[in-house]
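Just below is one structure, and these are the notes that go with it.
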2 protein chains.
Amino acid sequence: MAGAAEQPGGAELAPSTSSRATATSGTQVVGRVAAVLQAVAAAGTARTAEIARSTGLTRPTAHRLLTALAHEGLLDRDGTGSWALGFELTLLGAVAAQRYPAQDLATPHLRRLAEATGESAFFSARRGDEVICLERAEGSFPVRSHVLHEGLRLPLGVASAGLAILGHLPDEQLEAALAATRERRSQLGPQHDDAHVRHLVSHVREHGWSLNPGRIVEGSWGMAAAVFDASGQPRYALSLTGIESRFRPPRQHQLGTALLEQAHRLSTALRTGRAAS
Amino acid sequence: MAGAAEQPGGAELAPSTSSRATATSGTQVVGRVAAVLQAVAAAGTARTAEIARSTGLTRPTAHRLLTALAHEGLLDRDGTGSWALGFELTLLGAVAAQRYPAQDLATPHLRRLAEATGESAFFSARRGDEVICLERAEGSFPVRSHVLHEGLRLPLGVASAGLAILGHLPDEQLEAALAATRERRSQLGPQHDDAHVRHLVSHVREHGWSLNPGRIVEGSWGMAAAVFDASGQPRYALSLTGIESRFRPPRQHQLGTALLEQAHRLSTALRTGRAAS
DNA sequence: GTTGATCGTCCACATGGTGGACAAGCGGGA
DNA sequence: TCCCGCTTGTCCACCATGTGGACGATCAAC
């Protein structure tokens with residue numbers, strides 16, 4: 001219900017990729033600013049036209065916003081003309097992170113996961129109907145998936161991290177999330193329809209951890225465990241990605257156990273506010 | 001030259017505290033958004049009217065921006081109606097911090113300083129003509145100064161961190177910074193005029209570290225050492241604060257040495273990209 | 001040289017933001 | 001209880017501000 005914008009009449013097909021329709025009230029330039037920042041974050045680095053496309057803005061408008069944001073230090077521009085998140089966001093983020101100390105506490109657990117399993121490990125956070133990848137720790141295994149990267153936003157339900165979180169939500173919230181992400185999921189392919197997601201969610205409810213059997217990129221598998229914030233909500237996730245052959249039983253079971261253990265320790269750390277040993 | 005806005009005619013006395021006049025080109029709503037975010041960050045938590053005052057916006061306008069930003073998750077609103085930085089800023093900041101990994105590397109050095117000296121230690125960053133306090137580590141000594149806190153922005157030259165950075169700038173940049181901060185410094189009191197700042201800067205150039213002998217709040221002293229980024233610029237600072245009696249010689253000399261040592265190690269870590277031992 | 005893509009900029013239009021003014025809520029003091 | 005001073009949220013007429021179609025410049029590839 002937090003970000004549930006009312007949809008007037010039928011879902012009018014968006015012309016391009018314009019996703020957000022947060023024009024609830026007041027200043028909508030703010031919404032565009034947020035969309036631009038998120039688009040740059042998700043891309044890591046992007047050109048003006050790419051941002052215009054991914055936000056649904058016209059190119060002149062995107063250009064004006066981008067330059068204005070860069071003028072404020074919220075964005076940087078590298079030599080080639082690509083945009084990236086700026087220093088000012090580091091400063092604001094550092095202050096904001098005090099109220100949400102999750103990442104600092106997560107880093108050691110992430111490292112431990114990567115070391116123990118040899119796969120690449122990720123820390124992600126839920127916000128609204130999306131899951132944002134926040135940090136990556138490389139594993140030692142030389143074949144690595146680069147589907148996920150810091151800043152990437154995916155709707156709940158398409159990656160293992162989002163699935164793990166979905167699996168710990170009560171039915172009502174699960175249905176709401178499915179409804180809210182339905183359109184975006186369908187754009188990512190038929191393998192993300194409700195039936196498939198529900199199947200993977202039931203797996204989470206049975207085993208505690210989630211499995212993404214190559215649903216985003218063929219052969220790139222993922223597993224995740226939900227992490228609970230101080231109020232007991234599944235707000236974060238720890239996940240592992242790698243190639244199919246390393247995510248089959250019985251190794252699958254070992255990985256699941258390792259994920260659950262670190263997720264549990266991290267949840268405890270978040271609850272007590274103190275880093276675990 | 002980065003943020004040097006041209007001043008039309010005489011410096012028309014600002015009615016309230018309106019500081020920034022970044023209306024160089026394009027969208028100026030973006031400038032207001034940035035100002036609001038910075039104001040909230042600096043206050044930690046603030047009411048609508050306070051933000052309106054500190055940004056120079058009218059209250060309805062501030063209110064609209066604040067609610068719009070909260071709608072995007074960039075701000076939160078607690079039960080009492082106060083605003084604080086939101087979760088979305090944590091996410092954006094985490095991605096942005098990858099390109100500026102200073103804080104992660106600074107934390108252990110900060111802790112070490114606080115432990116070794118018993119005073120509270122701070123990590124700050126320069127941006128434009130300001131220094132922003134980013135992280136605090138409490139010392140063991142029971143009398144602590146709370147003048148500095150995370151998010152606070154001060155013009156270069158009024159606190160020990162800014163002084164340490166000023167002292168490592170070439171003359172030309174020093175003069176530019178003095179000119180750019182002159183008005184704001186004068187608002188903070190006559191003890192921050194050019195002559196006094198120059199005197200403290202010369203101290204930095206002689207000893208390597210800076211000393212703020214209670215220039216912001218009487219009896220609250222500070223010392224700092226500059227930290228250099230990968231390109232060799234003095235972009236950050238480590239500092240200590242405490243009561244006057246603990247910042248006199250010969251202890252002053254010990255504190256300065258400790259600051260310089262940690263600052264040097266941190267600078268090395270920033271240059272090599274790897275955390276020091 | 002030609003094509004095809006990007007980029008940055010201009011300017012008339014009207015959309016969307018502005019802020020003075022009003023109303024409501026809250027607590028303290030008499 | 002009433003009044004006062006403080007806050008906050010909201011309205012709406014005005015016009016400043018942002019918008020985006022269109023143009024010209026730039027660059028790389030073929």
Side-chain angles (χ1 to χ4, degrees), chain A residues 5-6 8 12 14-18 20-37 39-40 43-72 74-84, chain B residues 5 8 12 14-18 20-37 39-40 43-72 74-84 86:
Chain A
E6 53 244 290
E12 186 182 14
S16 58
T17 354
S18 82
R20 57 196 58 256
T22 13
T24 310
S25 73
T27 319
Q28 36 84 297
V29 176
V30 172
R32 298 184 170 190
V33 165
V36 166
L37 291 178
V40 175
T45 183
R47 329 264 311 199
T48 303
E50 297 176 51
I51 298 300
R53 270 192 297 273
S54 65
T55 55
L57 300 171
T58 62
R59 202 176 46 75
T61 299
H63 180 258
R64 238 178 310 110
L65 287 175
L66 287 164
T67 51
L69 287 167
H71 189 75
E72 300 295 331
L74 293 166
L75 293 179
D76 284 345
R77 178 154 229 190
D78 66 11
T80 72
S82 285
W83 305 95
Chain B
E12 186 180 15
S16 59
T17 354
S18 83
R20 59 196 57 255
T22 15
T24 310
S25 74
T27 318
Q28 36 83 300
V29 177
V30 172
R32 299 185 170 187
V33 165
V36 166
L37 291 178
V40 175
T45 184
R47 329 264 312 198
T48 304
E50 297 176 50
I51 299 299
R53 271 192 296 273
S54 66
T55 56
L57 300 171
T58 62
R59 205 179 41 76
T61 299
H63 181 258
R64 239 178 309 112
L65 288 176
L66 287 164
T67 50
L69 287 167
H71 190 75
E72 299 295 330
L74 293 166
L75 293 179
D76 285 343
R77 177 154 230 188
D78 66 11
T80 72
S82 285
W83 304 94

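Since we're looking at a predicted model, the values are computed, not measured. To find a chain, count down the sequence lines: A is the first, B the second, and so on, and within it residues start at 1.
For the pair B/Leu65 CG and D/dT8 P, the interatomic distance rounds to 15 Å; values are reported in whole Å. A straight line from CZ of B/Arg32 to C1' of C/dG19 spans 10 Å, rounded to a whole angstrom. Straight-line distance from the CD1 atom of B/Ile51 to the C1' atom of D/dG9: 17 Å, rounded to whole Å. The separation between B/Gln28 atom CD and C/dG17 atom P is 11 Å, rounded to whole Å.
Judged by distance alone with a 3.5 Å cut-off, no donor-acceptor contact links the side chain of B/Arg64 to the base of D/dG9.
B/Thr58 is linked by a side chain to side chain donor-acceptor pair (under 3.5 Å) to B/Thr61, counting only residues two or more places apart in sequence or in another chain. Taking A/Ala43 as the reference, A/Ala46 meet the side-chain contact (heavy atoms from CB on, under 4.5 Å) condition, with sequence neighbours excluded.
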Nucleotides 4-9 of chain C: which of its N/O atoms have a protein N/O under 3.5 Å away?
from  : atom 1 : to      : atom 2 : distance (Å)
C/dC7 : OP1    : A/Thr48 : N      : 3.1
C/dC7 : OP2    : A/Ala49 : N      : 3.2
C/dC7 : N4     : A/Arg59 : NH2    : 3.1
C/dG8 : OP1    : A/Arg77 : NH1    : 2.5
C/dG8 : OP1    : A/Arg77 : NH2    : 3.2
C/dG8 : OP2    : A/His63 : NE2    : 2.9
C/dG8 : O5'    : A/His63 : NE2    : 3.4
C/dG8 : N7     : A/Arg59 : NH1    : 3.2
C/dG8 : O6     : A/Arg59 : NH2    : 2.9

Exercise for the section: Output, in order, the C-alpha distance, side-chain angles, deciding distance and verdict of side-chain contact (heavy atoms from CB on, under 4.5 Å) for A/Leu57 and A/Ile51. Expected result: CA-CA 8 Å; A/Leu57 300 171; A/Ile51 298 300; over 6 Å; no

Exercise for the section: Starting from the C-alpha separation in whole Å, work towards a yes-or-no answer on side-chain contact (heavy atoms from CB on, under 4.5 Å) for A/His71 and A/Thr67. Expected result: CA-CA 6 Å; A/His71 189 75; A/Thr67 51; over 6 Å; no

Exercise for the section: Give the intermediate values and the outcome of side-chain contact (heavy atoms from CB on, under 4.5 Å) for residues A/Glu72 and B/Val30. Expected result: CA-CA 8 Å; A/Glu72 300 295 331; B/Val30 172; 4.0 Å; yes

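Remark: the separation of the C1' atoms in C/dC11 and D/dT26 is 22 Å, to the nearest Å.
Using modelled atom types, one side-chain atom of B/Ser54 and one backbone atom of B/Glu50 make a donor-acceptor pair closer than 3.5 Å.
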